[in-house]
Amino acid sequence: SRRYAEDVLGRRPQVAWLVPLGIALVARLFVSFGLGLPWHSSDTHVYYQQAAAIRNGAYLNYFPPGFPLIIAAMPFPIPSAPLDCALVALNVLLSTATVAVVYFTALAASGDRLCAALASLLAAVWPNQLNYVRQILSEVPATFFLLAGILAFLFGRPFLFGLLAGCAGVIRTSLLPVCFLLAAAGLICRRRRTAIRIAAGAFLALIVSSVILKWRTGEWGLGGNVQLNMFIASKSGGANIDFSAPERDVSGLRVYLAAVGSRPWLFLKERGTALWELWGPFPGSAEGARPLRNRLLIGLRFPLLCLAVLAALRFVRSLEEAALVLPALVLTVVHVVLYATPRYTYAAEPALVVLASIWLARRGAGEG
């Protein structure tokens with residue numbers, strides 16, 4: 001019962017986050033190193049190419065530069081088995097730390113230790129959060145920096161929020177709007193100093209990353225794959241795309257807008273399919289590559305989203321609390337407009353877990 005749980009947590013408050021943290025660490029080690037599941041995807045090889053280019057003093061402007069910089073900083077050959085192991089171990093540590101951040105974020109947002117314990121326990125065992133820890137991709141580090149920034153903002157540190165969320169944006173460009181939308185909201189709410197500090201922190205992250213890359217390679221860019229994603233979004237889910245040099249020389253935005261004008265209803269249908277892939281309760285089969293079990297597990301994000309929306313409508317009342325909502329909103333808009341796969345909700349899920357736990361805890365206390 002809630003009363004018994006509150007009594008236990010009142011006598012031993014450290015249990016509320018240490019137990020979920022231990023569960024998170026064991027689960028992530030098991031999934032990453034104990035099941036023999038693959039660590040690489042097609043994107044991993046591109047990240048390695050970018051990191052190798054940085055080490056060689058060149059710059060391959062495809063994915064955002066943050067994760068390639070992390071790989072390039074590792075003291076191992078690219079590619080190599082020790083590098084793979086080190087990056088997966090880093091994912092395990094950062095994802096486990098994210099569970100601890102979830103606890104303190106929920107505690108700061110709700111003031112309820114039981115709610116915070118529930119949030120961290122959910123984050124510790126959430127299937128999507130577990131699955132991508134084993135994969136050498138940018139999801140885990142971007143999520144850690146983003147949520148750590150939100151926690152800093154809840155504690156009244158807008159500059160630190162901007163800096164950490166800006167780092168998340170350097171790792172995954174689609175997260176950058178979170179910083180600048182929150183800064184704009186600060187101006188609307190007549191909190192000019194807060195807005196300026198958020199923007200200053202975000203710009204500092206961008207400046208530092210650009211200086212490092214300019215020093216190493218003489219170039220800098222946030223992600224050339226946006227152009228490619230526009231091509232994919234403009235051509236019926238990516239079918240029959242010619243990626244030869246002549247087509248790449250064409251403006252992706254021009255092709256995208258031409259597709260909107262020439263077949264608006266089909267285009268809207270495809271955007272609806274993209275939204276379903278992001279948040280629908282039963283995502284597509286990925287042409288047979290995604291088995292039924294995985295589709296059902298991925299579909300758990302739909303009830304999570306529903307609970308988080310209920311919590312946002314009922315309990316979010318401040319600019320700081322709004323920071324929990326923005327990641328899901330921004331990622332939804334960006335990836336519905338461009339290109340969507342269930343993996344892209346990863347960075348928003350911990351914040352949604354916090355919101356859903358607030359709703360569940362307050363319903364249990366009779367406040368809903």
Just by distance, no angles: are the side chains of Asn128 and Glu349 close enough, under 3.5 Å, to form a donor-acceptor pair? yes
Can you name the side-chain contact (heavy atoms from CB on, under 4.5 Å) partners of Val334, sequence neighbours left out? Ser174, Val330, Leu338
I'd like to know if the side chain of Arg317 and the backbone of Arg314 have a donor-acceptor N/O pair within less than 3.5 Å. yes
Looking at Val354 and Ala119, what are the two nearest heavy atoms and their distance? CA-CB, 4.3 Å
Hey, are the side chains of Trp126 and Pro350 touching, using non-hydrogen atoms and a 4.5 Å cut-off? no
Donor-acceptor contact present, side-chain Tyr346 to main-chain Gln129, <3.5 Å: yes
Between Thr44 and Ser41, is there a side-chain heavy-atom distance shorter than 4.5 Å? yes
Would you indicate whether the side-chain heavy atoms of Leu118 and Leu114 approach each other to under 4.5 Å? no
Counting only heavy atoms not in Arg216, do more than 12 sit closer than 6.0 Å to its CZ atom? yes
Gln50 side chain to Leu60 backbone, donor-acceptor under 3.5 Å: yes
Applying the 4.5 Å side-chain criterion to the ILVMFWY set and letting contacts propagate, would Leu307 and Leu300 be lumped into a single cluster? yes
Parallel, tilted or perpendicular: which one describes the rings of Phe203 and Phe180, with boundaries at 30° and 60°? tilted
Non-hydrogen side-chain atoms of Pro158 and Arg191 separated by less than 4.5 Å: no
Does Ser120 use its side chain to pair, donor to acceptor, with the backbone of Ala117 at less than 3.5 Å? yes
Between OG1 of Thr194 and CZ of Arg157, what distance do you get to the nearest 0.5 Å? 11.5 Å
For Leu69 and Ile212: C-alpha separation, side-chain torsions, deciding distance, then whether side-chain contact (heavy atoms from CB on, under 4.5 Å) applies. CA-CA 9 Å; Leu69 280 171; Ile212 293 172; 4.0 Å; yes
Side-chain contact test, heavy atoms from C-beta onward, threshold under 4.5 Å: evaluate it for Tyr62 versus Gln49 and give yes or no. no
Report whether Leu29 and Ile136 are members of the same hydrophobic cluster (ILVMFWY, side-chain heavy atoms less than 4.5 Å apart, transitive linking). yes
Output a table of donor-acceptor pairs, distance under 3.5 Å, between side-chain atoms of residues 30-39 and any protein atom two or more places apart or on a different chain; print 'none' if there are none.
| unit_1 | atom_1 | unit_2 | atom_2 | d |
| --- | --- | --- | --- | --- |
| Ser32 | OG | Arg28 | O | 2.8 |
| Trp39 | NE1 | Ser32 | O | 2.9 |

Verdict with supporting geometry, Arg172 and Tyr344, side-chain contact (heavy atoms from CB on, under 4.5 Å): CA-CA 10 Å; Arg172 288 198 71 85; Tyr344 294 155; 3.3 Å; yes
What verdict does the side-chain contact (heavy atoms from CB on, under 4.5 Å) test give for Val101 and Ile150, after you've listed the backbone C-alpha separation in whole Å, the side-chain angles of each residue and the deciding distance to 0.1 Å? CA-CA 9 Å; Val101 177; Ile150 291 173; over 6 Å; no
So Ile70 and Leu90, do their side chains get closer than 4.5 Å, heavy atoms only? yes
Please check: side-chain N/O of Arg301 versus main-chain N/O of Leu278, any donor-acceptor pairing under 3.5 Å? yes
Looking at Thr332 and Ala328, what are the two nearest heavy atoms and their distance? OG1-O, 2.6 Å
How long is the span from the CH2 atom in Trp215 to the OG atom in Ser210, to the nearest 0.5 Å? 14.0 Å
Quick one: CZ on Arg271 to CG on Leu266, what's the gap to the nearest 0.5 Å? 9.5 Å
CZ of Arg190: more than 12 outside heavy atoms within 6.0 angstrom? no
Residues Ala72 and Arg55: closest non-hydrogen pair is O-NE, 3.1 Å
Verify the cluster assignment for Trp276 and Phe267: are they in a single hydrophobic cluster under the rule of side-chain heavy atoms below 4.5 Å apart? no
Kindly give the heavy-atom pair with the smallest separation between Val353 and Ala123, and that separation in Å. CG1-N, 4.1 Å
Are any of the side-chain heavy atoms of Leu329 and Leu181 separated by less than 4.5 Å? no
Cluster membership besides Phe302, Ile/Leu/Val/Met/Phe/Trp/Tyr side chains within less than 4.5 angstrom, sorted by chain and number, is none
Do Leu160 and Leu182 share a hydrophobic cluster (ILVMFWY, side-chain heavy atoms under 4.5 Å, transitive)? yes
Same cluster (ILVMFWY, side-chain, under 4.5 Å), Leu275 and Val337: yes
Derivation of the ring-ring contact (aromatic ring centres under 6.0 Å, His included) call for Phe155 and Phe161: CA-CA 10 Å; Phe155 278 107; Phe161 164 79; over 10 Å; no
Does Glu139 come within less than 4.0 Å of Arg343, counting only side-chain N to carboxylate O? yes
Correct closest heavy-atom pair for Leu83 and Pro79 would be CD2-CA, 4.5 Å
Main-chain N/O of Gln135 paired with Asn91 side-chain donor or acceptor, under 3.5 Å: yes
Are the side chain of Arg295 and the backbone of Phe282 linked by a donor-acceptor contact shorter than 3.5 Å? no
Could you tell me whether a side-chain N or O of Ser110 sits under 3.5 Å from a main-chain N or O of Ile358, the two making a donor and an acceptor? no
Determine whether Val88 and Asp84 make a side-chain contact, defined as any pair of heavy atoms from C-beta on separated by less than 4.5 Å. no
I need the Leu319 CG to Ile198 CD1 distance, nearest 0.5 Å. 6.0 Å
Return the CG to OG distance between Leu122 and Ser357, rounded to the nearest 0.5 Å. 5.0 Å
Minimum heavy-atom separation for Ala109 and Arg362, please, with both atom names. O-NH2, 4.0 Å
Nearest 0.5 Å, please: how far is CZ in Phe104 from CG in Leu147? 12.5 Å
Can you tell me if Asn56 uses its side chain to pair, donor with acceptor, with the backbone of Ala52 under 3.5 Å? yes
